[in-house]
Amino acid sequence: MSEQTRSETAEQTSEKLVELAKRRGYFFQSSGAYGGVGGFYSFGPQGAALKGNVEDAWRDRFAVQEGNMEIDAPTIMPEPVFEASGHLDGFDDMLVECPDCGESHRADHVVEDNTDYEDAESLPIPEVEEVIAEHELVCPSCGAGLAGQAVEAFNLMFETNIGPGDSDPGYLRPETAQGIFVEFPRLKEYARNQLPFGVTQIGRAYRNEISPRRSIIRTREFTQAELEYFVDPEEDEPDLESVEDVEVTLYPASEQNSEDGGELEITIGEAVDEGIIANEWVAYYLGVAKPWYGAVGVDMDRFRFRQHLSGERAHYAADCWDAESEIDGNWIELAGFAYRSDYDLSKHDEYSDDRFTIFKQYDEPKTVERATVDPDMSYLGPEFGGAAGDVVDELETLAERDRSAFEGDVVEIELEDESETHEIPVEKTGFSVDEETIAGEHIVPHVVEPSFGVDRLVYTVLHHAYREDEVDGEERTYLELEPEVAPTFVGVFPLQNDDDLEAVADDIVDDLRDAGLSVTYDDSGNIGRRYRRQDEVGTPFCVTVDYETIENEETTVTVRERDTTDQKRLPVEDLAETLAAIREGNLEFEDL
RNA sequence: GCGCCGGUGGUCUAGUGGUAGGACAUGAGCUUCCCAAGCUCAUAGCCCGGGUUCAAUUCCCGGCCGGCGCACCA
């Protein structure tokens with residue numbers, strides 16, 4: 001198949017999928033009755049169920065199985081949070097439009113690329129405009145002068161007001177992560193001040209994208225599933241052994257930069273040994289994520305991990321890999337795996353009143369000698385008046401720096417803005433050297449962040465599940481969804497409209513629902529049409545009650561499998577148990 | 001945000017300066033003993049605003065929305 005043909009086929013798949021999604025209740029543009037609004041999508045009944053199942057699978061793997069804790073924080077947080085996180089500045093793009101060719105460019109980039117300014121982003125807008133005029137900067141595309149063009153600020157965060165008036169601005173979070181970081185002081189208490197520990201959150205995040213694109217792949221409101229794993233960088237190590245044999249497709253930065261670079265098939269263990277994945281924590285989570293993606297239905301032949309190029313890394317990330325899936329011949333980002341070091345917690349520690357540190361107890365308490373002063377204020381006060389406080393500070397500093405200064409009868413000190421030295425009798429300083437026991441120190445934990453985009457994953461799962469084939473000469477469309485995530489697990493039909501058949505079918509529906517399965521009942525049209533209907537939404541199994549069911553002594557029904565359309569006759573008695581076992585992955589249909 | 005193209009029942013689409021036709025889907029009924037069959041009937045549509053015109057779904061302008069390209073995506 002030629003490149004072009006393949007891409008055309010892929011486009012058709014995407015179009016058909018979007019059409020199916022609208023028609024069958026997977027997802028569709030929201031507020032359609034009011035003309036629609038860009039970048040916002042609603043998940044319909046099928047889509048919401050699929051998404052919920054994917055989230056449950058994520059929760060099970062990344063919270064429950066990993067022993068992490070899940071929280072649920074607000075989507076709106078006050079301005080200071082984002083001052084600390086860097087989103088208020090860093091998320092603020094300055095755009096300047098070329099008067100000639102009409103192209104928009106990042107004004108700060110234009111300035112940085114052509115002047116000595118290194119951090120133009122931090123400059124106020126009027127100043128950027130001035131710099132552009134002074135240096136007679138030109139449009140990178142066509143070379144026309146940009147002097148005099150207005151620079152416009154565009155912040156990707158949605159702003160709102162908390163309470164009445166506009167004195168208390170708030171923002172819709174641009175990533176769920178901040179909700180975890182901000183609550184760290186309380187979460188660390190909950191974790192009993194022990195590293196390492198992990199906190200997960202599944203929730204919405206918001207970015208006022210300049211141009212949302214490609215249905216639910218890039219929207220303005222989306223769902224993230226994030227894990228923030230807090231570690232002691234000196235002590236904690238991931239359980240690499242448990243994932244070292246996981247085979248992955250890697251696309252490292254070095255390969256992306258080289259002309260004939262390509263993807264590597266390699267195990268996690270080898271990739272770490274060869275230094276391809278520099279950070280062991282990142283390697284560990286790549287190893288955890290890969291089989292998980294496979295289990296929810298991502299086609300592993302259209303999946304890879306790509307390392308960020310140095311230029312595209314976020315301000316905090318030391319090393320970063322993305323999980324990517326191929327859609328329409330393009331690679332889209334499904335997840336980011338970043339080692340964020342202590343960036344976030346340090347910032348919040350600095351900006352807030354709380355401590356974002358963990359007290360790390362030493363194996364053995366350390367005993368240190370410490371020189372301290374305890375000045376006699378009844379002497380220093382009258383002697384130095386208002387400068388007494390400064391004198392105390394100076395004495396404290398001096399004691400730490402130079403004990404020998406206290407060996408004589410008097411101590412000589414210099415105050416900052418005075419040239420003359422002052423002499424203070426040593427006995428008035430309260431100088432002493434004491435042994436002090438130090439049990440540990442406060443450290444800022446480092447954080448490893450696997451961050452998953454749920455909507456894109458749902459899209460990928462649907463796209464990779466889309467199938468067309470022929471059954472008895474008739475075309476068929478079906479979704480080969482994994483039973484674990486399929487929105488509806490089983491359809492139950494009476495073969496025909498017949499009160500006796502319907503009664504049995506109703507009972508079966510109740511039984512299956514009692515067993516915790518997602519069931520749909522359908523008695524309209526002929527049986528083939530009902531099978532096709534379920535195929536199209538990806539229901540893995542259909543149960544049909546026929547006359548044999550009610551005529552024979554042993555009550556049996558046919559169970560039809562979606563992908564093969566094979567049917568087997570099973571006793572109604574064990575039906576719920578059998579199907580539940582299949583859903584749990586403990587039993588295969590073909591082995592029945 | 002810029003440029004190009006587009007917007008007709010739930011979905012896909014035909015067509016027109018005098019307000020629309022099909023296919024599929026959906027509902028009711030008939031038929032039907034396992035894969036989108038057949039028959040009858042029914043429900044349902046010209047994105048929004050302004051302009052031109054006796055008359056606009058159609059032509060013009062603007063907006064909204066979508067696709068693609070550019071830019072953006074911490």
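Heavy-atom basis, side chains included; hydrogens, waters and symmetry copies ignored.
- Note on A:Gln496: a side-chain N or O is less than 4.0 Å away from OP1 or OP2 of B:C33.
- The cationic atom of A:Arg306 (NZ for Lys, CZ for Arg) does not lie both less than 6.0 Å from the six-membered ring centre of A:Tyr251 and within 45° of the ring axis.
- Distance noted for atom C1' between B:U57 and B:C48: 13 Å (whole Å).
- With B:C34, B:C73, B:A36 as the candidates, the nucleotide lying closest to the side chain of A:Arg532 is B:A36.
- Comparing B:C33, B:C34, B:C73 against the side chain of A:Tyr547 picks out B:C33 as the nearest.
- Here, B:C73 and B:A20 have their C1' atoms 44 Å apart, quoted to the whole Å.
- Straight-line distance between the C1' atoms of B:C24 and B:C59: roughly 33 Å, to the nearest whole Å.
- With a cut-off of 3.5 Å on both pairing distances, B:U57 has no Watson-Crick or G-U wobble partner at all.
- Atom pair A:Glu551:CD and B:C34:C1' shows a separation of 15 Å (rounding to whole Å applied).
- Side chain of A:Arg529, nearest nucleotide from B:C73, B:U26, B:C34: B:U26.
- Nucleotides B:G22 and B:C33 place their P atoms 32 Å apart, quoted to the nearest Å.
- Comparing B:U13 with B:G7, their P atoms sit 10 Å apart, to the nearest whole Å.
- Residue A:Tyr531 has its side chain nearest to B:C34 when only B:C33, B:A36, B:C34 are considered.
- Distance A:Arg24 CZ to B:C24 C1': 11 Å, rounded to the nearest Å.
- In this structure, A:Arg560 reaches the bases: a heavy-atom distance under 4.0 Å links it to at least one base atom across the strands shown.
- Rounded to whole Å, the P atom of B:A44 lies 15 Å from the corresponding atom of B:G9.
- Between B:C12 and A:Lys22, a contact under 4.0 Å exists linking OP1 or OP2 to a side-chain N or O.
- B:A28 is paired with B:U40 under the Watson-Crick or G-U wobble criterion, all donor-acceptor distances under 3.5 Å.
- Rounded to a whole Å, the CG atom of A:Asp498 is 14 Å from the P atom of B:C34.
- Judged by a 6.0 Å distance limit and a 45° cone about the ring axis, A:Arg476 is positioned over the six-membered ring of A:Tyr478.
- A donor N or O paired with an acceptor N or O is not found under 3.5 Å between the base of B:C35 and the side-chain atoms of A:Glu474.
- If you check the side chains of A:Thr223 and A:Lys51, you find a donor sitting under 3.5 Å from an acceptor.
- Using atom C1' as the reference point in both B:U32 and B:G38, the two lie 10 Å apart (nearest Å).
- We find that CG of A:Asn330 is positioned 15 Å from C1' of B:C73, with the value rounded to whole Å.
- A cation-pi geometry, defined here as NZ or CZ lying under 6.0 Å from the six-membered ring centre and within 45° of its normal, holds between A:Arg560 and A:Tyr531.
- Atom C1' of nucleotide B:C35 and atom CZ of A:Arg467 are separated by 20 Å, given to the nearest angstrom.
- Comparing B:C12, B:C65, B:U32 by their nearest atom to the side chain of A:Val37 picks out B:C65.
- Between A:Arg304 and A:Glu255 no salt bridge is recorded (no basic side-chain N to carboxylate O distance below 4.0 Å).
- Residue-environment remark: CD (A:Glu83) exceeds the threshold of 12 foreign heavy atoms within 6.0 Å.
- Comparing B:A55 with B:G17, their C1' atoms are spaced 8 Å from each other, to the whole Å.
- Screening A:Lys16, A:Lys22, A:Arg23 against A:Glu19 for a side-chain hydrogen bond (donor to acceptor under 3.5 Å, both in side chains) leaves a single residue, A:Arg23.
- Rounding to whole angstrom units, CG of residue A:Asp523 and C1' of B:C33 are separated by 16 Å.
- The separation between A:Phe28 atom CZ and B:C12 atom P is 14 Å, rounded to whole Å.
- Listed nucleotides: B:C68, B:U26, B:C33. Nearest to the side chain of A:Arg533: B:U26.
- Between A:Glu19 and A:Thr558, the residue anchored closer to the 5' end of RNA chain B is A:Glu19, taking for each the nucleotide with the nearest heavy atom.
- For A:Arg218, counting side-chain heavy atoms from C-beta on, the closest listed nucleotide (B:C72, B:C65, B:C34) is B:C72.
- B:G3: Watson-Crick or G-U partner is B:C68, with both key distances under 3.5 Å.
- Both A:Arg456 and A:Glu475 sit near RNA chain B, but only A:Glu475 has its closest nucleotide nearer the 5' end.
- Side-chain contact check for A:Ser524 and A:Arg533: at least one donor-acceptor pair (N or O, by modelled atom type) lies under 3.5 Å.
- For A:Glu536, counting side-chain heavy atoms from C-beta on, the closest listed nucleotide (B:A36, B:C73, B:C33) is B:A36.
- In this structure, A:Tyr34 places its OH atom 18 Å from P of B:C47, rounding to the nearest Å.
- Within the 4.0 angstrom heavy-atom criterion, only backbone atoms of the sugar-phosphate kind lie near A:Gly39; the bases stay farther away.
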Legend entry - Test side-chain hydrogen bond (donor to acceptor under 3.5 Å, both in side chains) applied to A:Gln201 and A:Thr176, step by step: CA-CA 7 Å; A:Gln201 181 169 214; A:Thr176 54; 4.5 Å; no
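- Considering only the side chain of A:Asp546, B:C34 comes nearest among B:C68, B:C65, B:C34.
- Across all strands shown, the partner of B:G21 is B:U13, judged by Watson-Crick or G-U wobble contacts whose two distances both fall under 3.5 Å.
- Within 4.0 Å (heavy atoms only), A:Glu333 reaches no atom of the nucleic acid at all.
- Nearest nucleotide to the A:Arg23 side chain, out of B:C35, B:C73, B:U11: B:U11.
- OP1 or OP2 of B:G66 lies within a sub-4.0 Å distance of a side-chain N or O belonging to A:Gln29.
- Pairing of B:C46, defined by two Watson-Crick or G-U wobble distances under 3.5 Å, is not identified with any nucleotide.
- OP1 or OP2 of B:A37 lies within a sub-4.0 Å distance of a side-chain N or O belonging to A:Asn526.
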